[in-house]
Amino acid sequence: MASSEEERVPATNSAPSEVAVLPQKEEGDSTAQSSGKKKPSPLEKGGTLRGEAAEGKDPSPAALGKKSSAVSGEKFEDPRWKNGNWDMTKFVKNGKMDWDAVIDAEVLRRKWLEENPEASSNDDPVLFDTATVPWWAWVRRFHLPEAELLNGRAAMVGFFAAYLIDSLTGVGLVDQTNSFFGKLLLLITVVGILLVRKNEDLETIKTLVKESTFYDKQWQATWKDSEEQQKK
Amino acid sequence: MASALQGILGTPSTRRVCEQSLEQGAGNAGNRLQSCQISVRSSHLSAACLSGRSKLFLAASTPSLTRNSRPGLRILAAAGSKKLGNRKLRVAVIGGGPAGGCAAETLAKNGIETFLIERKMDNAKPCGGAIPLCMVGEFDLPLDIIDRKVTKMKMISPSNVAVDVGKTLNENEYIGMVRREVLDSYLRERAASFGANLVNGLFLRMEMPSDANAPYVLHYNLYKPGSSVGVPATMEVDAVIGADGANSRVAKDIDAGDYDYAIAFQERIKIPDDKMVYYENLAEMYVGDDVSPDFYGWVFPKCDHVAVGTGTVINKPAIKKYQVATRHRARDKIAGGKIIRVEAHPIPEHPRPRRVRDRVALVGDAAGYVTKCSGEGIYFAAKSGRMCAEAIVEGSEKGVRMINEADLRSYLKKWDTKYWPTYKVLDILQKVFYRSNPAREAFVELCADEYVQKMTFDSYLYKTVVPGNPLDDIKLAVNTIGSLIRANALRKEARKAVLT
């Protein structure tokens with residue numbers, strides 16, 4: 001192993017002087033703020049996030065080579081995991097393929113690896129592809145439980161909206177669905193119900209919209225400059 | 001008429017000059033056409049053209065600048081940027097990396113008096129060192145500059161699903177790995193061979209000119225050969241190209257503004273020969289929250305060792321932890337290796353708010369021309385240096401006339417038009433696929449697809465966005481959404497699962 005005992009920062013380092021010296025931060029201190037009016041170091045500016053946004057993004061202790069007490073053993077082991085793939089014959093129940101069990105097994109494997117990242121190995125490559133589990137197994141497992149909830153919401157919103165529009169405009173339900181505007185509203189409602197399932201989803205959508213144009217604004221900043229000069 | 005002129009002529013300084021010689025030139029239309037090229041929005045162009053009341057001369061457009069504008073609608077307002085008389089235009093290029101070297105070469109080739117100021121002539125800038133295939137052809141690089149031709153890449157997901165990328169390359173296609181000290185000095189020497197003056201000095205600051213024809217005064221420390229002590233010196237030039245990298249002093253002097261940057265941390269590790277065989281022409285990319293929250297960890301083969309590194313924007317203080325995690329992931333493949341060098345450098349994430357001011361332009365890393373997702377900068381630095389120099393050559397008519405900000409803005413316009421789609425696509429890829437572990441799993445799954453590999457390599461190696469087969473595109477879109485949904489679903493389940 002390229003062990004950390006041998007790591008030494010050589011005296012001559014061709015990195016630009018501002019970045020070459022990395023301050024030694026203690027474990028778990030990566031989001032600490034330097035107090036006082038000191039000029040921020042290069043590690044604290046340039047897009048570094050603080051607090052919650054950066055928290056939880058440090059590599060786990062296991063990634064750093066420290067074993068976590070929750071899990072025993074060094075590598076992920078499971079009798080059904082052979083040669084970097086799930087052995088499909090082990091998942092047969094009552095003569096039929098039990099896809100739910102495959103999904104459960106993969107969930108556990110990924111969770112294990114997230115907490116204890118393993119070294120990737122050439123002799124033992126991982127070959128599993130989630131596409132081997134058929135699409136209907138995914139739908140049955142993840143969408144159907146929520147389908148009832150979503151359909152219920154859509155029905156309630158649709159009924160209330162139809163009632164409201166009828167009372168405001170006198171247009172009945174059949175005529176509403178015949179109009180183009182009515183169909184458009186129906187589509188928006190259905191898509192809205194699918195996308196916005198929790199309150200946090202609204203915030204997520206707002207952030208996504210902002211993000212999608214942020215990069216463009218950064219590029220066009222230099223042209224705003226010339227526009228202002230033109231107006232003078 | 002005045003308002004049409006106002007809309008077209010842009011910055012105040014050019015407007016004064018243009019109006020003055022319009023009055024002169026209106027009388028002798030057939031005689032000398034003094035031209036000043038102004039970059040304009042095409043909407044203004046058409047409004048003025050069709051108004052019929054403007055007396056601006058429509059001249060045949062020179063080919064090199066009109067590749068991207070509508071034919072026939074470019075207006076060359078009769079104007080007088082001052083003719084320089086008995087001397088050539090003087091341009092200083094600060095920084096002797098790929099951007100500076102290519103800029104100086106183009107300027108010197110076209111007869112402009114060029115000064116290339118570089119603080120360390122044997123600088124080995126910490127860098128990934130990968131150049132696309134098109135760079136070799138476009139910049140006439142000799143093949144012995146390339147240490148290694150990488151033809152295979154391995155993408156490794158957070159759960160160690162490893163995908164081989166590169167099956168679609170033919171035997172003439174590769175990613176070139178170069179040593180920066182070799183590439184940079186080759187480009188600089190070539191510029192010098194065309195007549196550029198190489199100055200070994202550290203640029204300190206510059207004084208802004210008092211008017212449109214006054215020179216910039218550059219203050220720098222000159223290093224005479226054999227001496228490590230700098231002697232303060234000054235230089236007067238008409239224009240400056242800032243090619244001095246991510247911590248650009250030229251950018252500070254012109255108030256170009258700040259940008260977000262990633263810190264890239266890299267360790268050069270000499271591994272045993274039998275392990276080096278695996279990395280003969282293969283590079284690896286590791287993705288995962290343990291390796292970086294918003295970038296990737298890499299193992300790139302260099303001349304006789306490998307460079308193992310990682311980078312991040314949002315959690316820079318933890319970069320050393322990410323490096324340990326990266327080494328851990330590649331542990332078996334670099335076992336027995338010795339760290340021979342540690343280096344770190346900033347990588348800009350987006351262009352600076354202001355890239356041009358008066359007669360100073362920024363190119364390369366100083367301007368922030370590094371793509372997202374892959375962090376590629378060498379090719380874009382070289383290309384922007386060349387484009388900026390070409391704009392100066394054009395605007396000064398090979399060094400005969402003084403230039404102004406509009407000439408430099410035409411370089412910005414050309415650059416933005418040509419490369420904006422590339423940058424935007426990579427930004428979208430980064431936002432979608434580097435977001436979280438499920439997204440990275442989906443990313444690696446998608447990379448197994450041959451169509452994806454072909455499109456990725458074509459756009460990387462040749463720097464053109466080639467439209468593929470629409471049916472394949474639709475299939476790819478469906479697969480992308482499917483992979484993302486599956487990976488996220490597994491992640492959500494994981495929150496409920498308990499490890500035994």
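The sequence lines fix the lettering, A, B, ..., with proteins before strands; numbering per chain opens at 1. Excluded from the calculations below are hydrogen atoms, water molecules and symmetry mates; all remaining heavy atoms, backbone and side chain alike, are included.
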Return the set of residues passing salt bridge (charged side-chain N to carboxylate O under 4.0 Å, His left out) with A:Asp201 (not counting sequence neighbours), or none when no residue passes.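 Scan of A:Asp201 (salt bridge (charged side-chain N to carboxylate O under 4.0 Å, His left out), adjacent residues dropped) gives none.
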Not counting sequence neighbours, which residues clear salt bridge (charged side-chain N to carboxylate O under 4.0 Å, His left out) with B:Asp258? List them please.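 Once residues adjacent in sequence are excluded, B:Asp258 has no partner under the salt bridge (charged side-chain N to carboxylate O under 4.0 Å, His left out) criterion.
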Residue selection (most heavy-atom pairs with chain A, distance under 4.5 Å) from B:Gly245, B:Gly288, B:Ala330, B:Ala489: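 Winner by heavy-atom pair count: B:Ala489.
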Is any side-chain heavy atom of A:Phe214 closer than 4.5 Å to one of B:His350?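 Counting from C-beta outward, B:His350 and A:Phe214 never come under 4.5 Å.
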Are A:Phe128 and B:Val161 packed together at the side-chain level, in the sense that at least one heavy-atom pair is separated by less than 4.5 angstrom?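 A:Phe128 does not reach B:Val161 side chain to side chain.
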For the atom pair [atom1] ([X]) and [atom2] ([Y]), what is the distance rounded to the nearest 0.5 Å?
| X | Y | atom1 | atom2 | result |
| --- | --- | --- | --- | --- |
| B:Ser159 | A:Phe76 | OG | CZ | 10.0 Å |
| B:Asn160 | A:Leu113 | CG | CG | 6.0 Å |
| A:Asn122 | B:Lys275 | CG | NZ | 10.0 Å |
| A:Glu211 | B:Asp427 | CD | CG | 8.5 Å |
| B:Asp416 | A:Gln220 | CG | CD | 8.0 Å |

Restricting to non-hydrogen atoms, name the atom on [X] and the atom on [Y] that form the minimum distance, rounded to 0.1 Å.
| X | Y | value |
| --- | --- | --- |
| A:Glu118 | B:Arg329 | O-CD, 3.4 Å |
| A:Ala131 | B:Arg486 | CB-NH2, 3.7 Å |
| B:Ala494 | A:Lys111 | O-NZ, 2.9 Å |

With a 4.5 angstrom heavy-atom cut-off, is it the side chain or the backbone of [X] that approaches chain A, or both, or neither?
| X | result |
| --- | --- |
| B:Tyr261 | both |
| B:Ala487 | both |
| B:Ile485 | neither |
| B:Tyr278 | side chain |

Could you pull out all residues at least two apart from A:Trp219 that satisfy side chain to side chain donor-acceptor pair (under 3.5 Å)?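 Result, side chain to side chain donor-acceptor pair (under 3.5 Å) vs A:Trp219: A:Tyr215.
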Return yes when atom CG of B:Asp122 has more than 12 non-hydrogen atoms of other residues, nucleotides or ligands closer than 6.0 Å, and no otherwise.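 Enclosed: over 12 neighbouring heavy atoms sit under 6.0 Å from CG of B:Asp122.
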For atom NZ of B:Lys492, decide whether the heavy atoms of other residues, nucleotides or ligands shown that lie under 6.0 angstrom number more than 12.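 Check fails, neighbour count at 12 or below.
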Pair A:Arg110 + B:Glu441, salt bridge at N-O below 4.0 Å: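 Yes, A:Arg110 and B:Glu441 are salt-bridged.
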Would you call A:Glu114-B:Arg491 a salt bridge at under 4.0 Å N-O?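 Looking at B:Arg491 together with A:Glu114, the answer is yes, because their closest N to O distance falls below 4.0 Å.
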Begin from the C-alpha positions of A:Thr130 and B:Leu490 and carry the test side chain to side chain contact (heavy atoms under 4.5 Å, CB included) through to its verdict. CA-CA 10 Å; A:Thr130 54; B:Leu490 285 178; 3.8 Å; yes
Interchain contact, A:Asp216 with chain B, by part (heavy-atom threshold 4.5 Å):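 Looking at A:Asp216, backbone and side chain both touch chain B.
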A:Asp129 side chain vs B:Glu445 backbone, donor-acceptor pair below 3.5 Å: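 Flag not set: sc A:Asp129 to bb B:Glu445 has no pair under 3.5 Å.
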Using a heavy-atom cutoff of under 4.5 Å, enumerate the residues of residues 133-142 of chain A that contact chain B, numbered in order, or state 'none'.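 Residues A:Trp138, A:Arg141, A:Phe142 are the ones that qualify, each having a heavy atom under 4.5 Å from chain B.
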Can a donor-acceptor pair be found between the side chains of B:Lys333 and A:Ser120 at a distance below 3.5 Å?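 Distance-only check passes for B:Lys333 and A:Ser120.
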For B:Arg354 and A:Thr222, does a side-chain donor sit closer than 3.5 Å to a side-chain acceptor?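 Result is no, nothing qualifies.
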